[in-house]
Amino acid sequence: MRFFTQKDCPADALERERIAVLGYGNLGRSLALNLRDAGIPDLVIGNVADTYADQAKADGFRVLSIAEATHAADVVLVLLPDEVIPEVYAKDVAPHLAAGSVVVFASGYCLAYDLIAPPDGIDILMLAPRMGGSVIRERHQQGDGFHAFLSVEKDASGKAWRRLLGVAGAVGALRRGAFELDARSEAQLDLFIEQTLGAIVGFSIMTAFSIGVEGGLPPAALALEMYLSGEMETVWRGFREQGLERSAATHGMTAQFGGLMRTMQLFQAGLYDQFRQTFEEIRNGQFATQFQAEREAGYPSLAQVEAMGPQLAPLTEAEDEIRKHLTTRSSGT
Ligand code: NDP
């Protein structure tokens, strides 16, 4: 994979480029503030008139409708929820793009599943951060950056990479370094890991809590053990800093023996096949089709998530009991 750092950012890449950030949500706000810090003179926000628009105005930005902001820009960052983009893009973005302009997506989702139709003569780029919006901003203010995947999906202008590296440098994505990865792979990777590793972690926490409480362990002690003490974060930090194998070797024989034995049981329980099936459904577009149908139906599954609230109440209470004794320090590094 090609790797880019700040030295790959052409100093004048965004000179005379007018930039629009469409969507002032989690990522939109952080990237817009970072772009302003980078000295981008001509920056507008495109948002529907509501609280996000009010926030953008309070932050000192000029706020236009999505269509007007698109019309006013050469570089358009589409920072709307992935499942919303197809509809808004077709109606308010594509018809207003000036010839020779560039559209940047923060995820490969819509490109991977052909949910948008890029007009001719437009550069189509992806700058997909590997970090949440609020931490991106926090780090930027500390002079630090974040990793991202970059891709030129369509180079109509012949200067698409220059522009992409210009945007990446301005938002802080080259401070820690960015890797080249095409949009299809980015979408598959993102969905696959959140639907396997992410799902397993959440499920394991809820299940271990229920069974532990049933078995007589104190709820608050379970919450402390699983995440409130921060010990588990140091395990993940060990993976990052030393590597999975090398850091696992530092965990002591009890953890190594128990971990190995239970991992083998999970393997035999068919988890491997289930992950493979998940990957296949992501790769063949079945998940994206389901997700777009979910949006069109008004997110009926959200009701199920809300219905889980009472089941999670004992865990939340256990967290609160521990938290009142803790001095937590935020660490987004
Ligand atoms: P948010 O949900 O935080 O963004 C919401 C923004 O989209 C708001 O400005 C909201 O405006 C607008 N919006 C929502 N629905 C509509 C609609 N129907 N019509 C017009 N505007 C709408 O999104 P994120 O910041 O989480 O994600 C944006 C992109 O960034 C996505 O592609 C995501 O994959 C990517 N990304 C996000 C990260 C993150 O940290 N969240 C990290 C990496 C990538 P309003 O509500 O005012 O209508």
Side-chain angles (χ1 to χ4, degrees), residues 20-35 43-59 61-70 76-96 103-113 115-116 124-140 145-151 153 164 167-168 171-173 176 178-179 181 183-195 198 282 287-288 291-292 294-299 302 305 332:
V21 171
L22 307 183
Y24 203 69
N26 202 337
L27 190 62
R29 178 169 192 246
S30 295
L31 295 197
L33 292 169
N34 289 5
L35 284 165
L43 178 62
V44 293
I45 306 298
N47 208 91
V48 290
D50 66 6
T51 47
Y52 282 114
D54 294 343
Q55 171 80 67
K57 282 181 202 154
D59 289 340
F61 288 108
R62 189 157 69 97
V63 182
L64 303 174
S65 72
I66 290 180
E68 288 166 343
T70 303
V76 177
L77 275 70
V78 182
L79 303 181
L80 308 170
D82 289 326
E83 74 282 15
V84 166
I85 291 174
E87 184 190 320
V88 176
Y89 180 87
K91 188 164 63 75
D92 293 325
V93 180
H96 304 281
V103 179
V104 186
F105 293 95
S107 124
Y109 180 83
C110 289
L111 298 162
Y113 298 110
L115 298 174
I116 57 140
I124 300 290
L125 312 178
M126 182 194 74
L127 188 168
R130 314 327 286 167
M131 187 51 69
S134 52
V135 178
I136 285 176
R137 180 63 190 154
E138 209 177 284
R139 282 195 186 168
H140 195 80
F146 58 96
H147 293 296
F149 289 128
L150 303 181
S151 175
E153 294 288 309
L164 180 55
V167 175
V171 298
R176 286 199 181 200
F179 293 89
L181 188 74
R184 184 170 295 269
S185 301
E186 191 281 337
Q188 290 179 3
L189 176 73
D190 187 59
L191 296 171
F192 180 58
I193 298 306
E194 72 194 8
Q195 292 177 29
I282 289 167
F287 170 77
F291 187 41
Q292 291 309 121
E294 169 77 10
R295 162 161 170 75
E296 271 165 42
Y299 304 99
L302 275 186
V305 175

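Both ligands and their constituent atoms are indexed starting at 1 by order of listing.
- Inter-residue side-chain proximity for Leu77 and Leu35 is flagged as met; some heavy-atom pair is nearer than 4.5 Å.
- Summary of contacts: the protein heavy atom closest to atom 47 (O) of ligand 1 is Asp50 OD2, 2.3 Å.
- Under a 3.5 Å cut-off, the side chain of Gln292 and the backbone N or O of Glu83 do form a donor-acceptor pair.
- Taking any N or O of Asp82, backbone or side chain, at least one lies under 3.5 Å from an N or O belonging to ligand 1.
- Looking only at protein heavy atoms, the nearest one to atom 40 (O) of ligand 1 is Gly133 N, 2.7 Å.
- Against a heavy-atom cut-off of under 4.0 Å, Gly23 is close to the following atoms of ligand 1: 9 (O).
- Contacts of Met131 with ligand 1, taken as heavy-atom pairs under 4.0 Å, involve the backbone alone.
- Counting only heavy atoms from C-beta outward, the side chains of Asp92 and Thr70 never approach each other to under 4.5 Å.
- Closest to atom 14 (C) of ligand 1 among all protein heavy atoms lies Pro81 CD, 3.6 Å.
- Regarding atom 4 (O) of ligand 1, its nearest protein heavy-atom neighbour is Gly25 CA, 3.6 Å.
- For atom 18 (N) of ligand 1, the nearest non-hydrogen atom from the set Ile136, Ile66, Val84, Val78 belongs to Val84.
- Of the possible donor and acceptor atoms, one in the side chain of Glu186 sits under 3.5 Å from a partner among the backbone N and O of Gly108.
- Annotation: side chain of Ile136 is not in contact with side chain of Arg139 (no heavy-atom distance under 4.5 Å).
- The Gly132 neighbourhood of ligand 1 comprises atoms 40 (O), with distances under 4.0 Å to a heavy atom of that residue.
- In terms of protein heavy-atom proximity, atom 35 (C) of ligand 1 is closest to Ala106 CB, 3.7 Å.
- Of all heavy-atom pairs spanning Ala20 and Ala69, the tightest one is CB-O, 3.4 Å.
- The heavy atom nearest to atom 43 (C) of ligand 1, considering only Ser134, Pro129, Ser107, is found in Pro129.
- Closest approach of Ala187 to Ala112, counting heavy atoms only: CB-CB, 3.6 Å.
- Here the closest heavy-atom approach between residue Ile116 and residue Phe105 is recorded as CD1-CZ, 3.4 Å.
- Looking at Asn47, its side chain does come within 3.5 Å of a backbone N or O of Tyr24 through a donor-acceptor pair.
- Between Leu115 and Ile85, every side-chain heavy-atom pair lies at or beyond the 4.5 Å cut-off.
- Protein heavy atom at the shortest distance from atom 27 (O) of ligand 1 is Leu80 O, 4.2 Å.
- Near Val48, meaning under 4.0 Å from any of its heavy atoms, are these atoms of ligand 1: 45 (P), 47 (O), 48 (O).
- In this structure, the protein non-hydrogen atom closest to atom 3 (O) of ligand 1 is Asn26 N, 2.8 Å.
- Considering only non-hydrogen protein atoms, atom 8 (C) of ligand 1 sits nearest to Tyr52 CD1, 3.6 Å.
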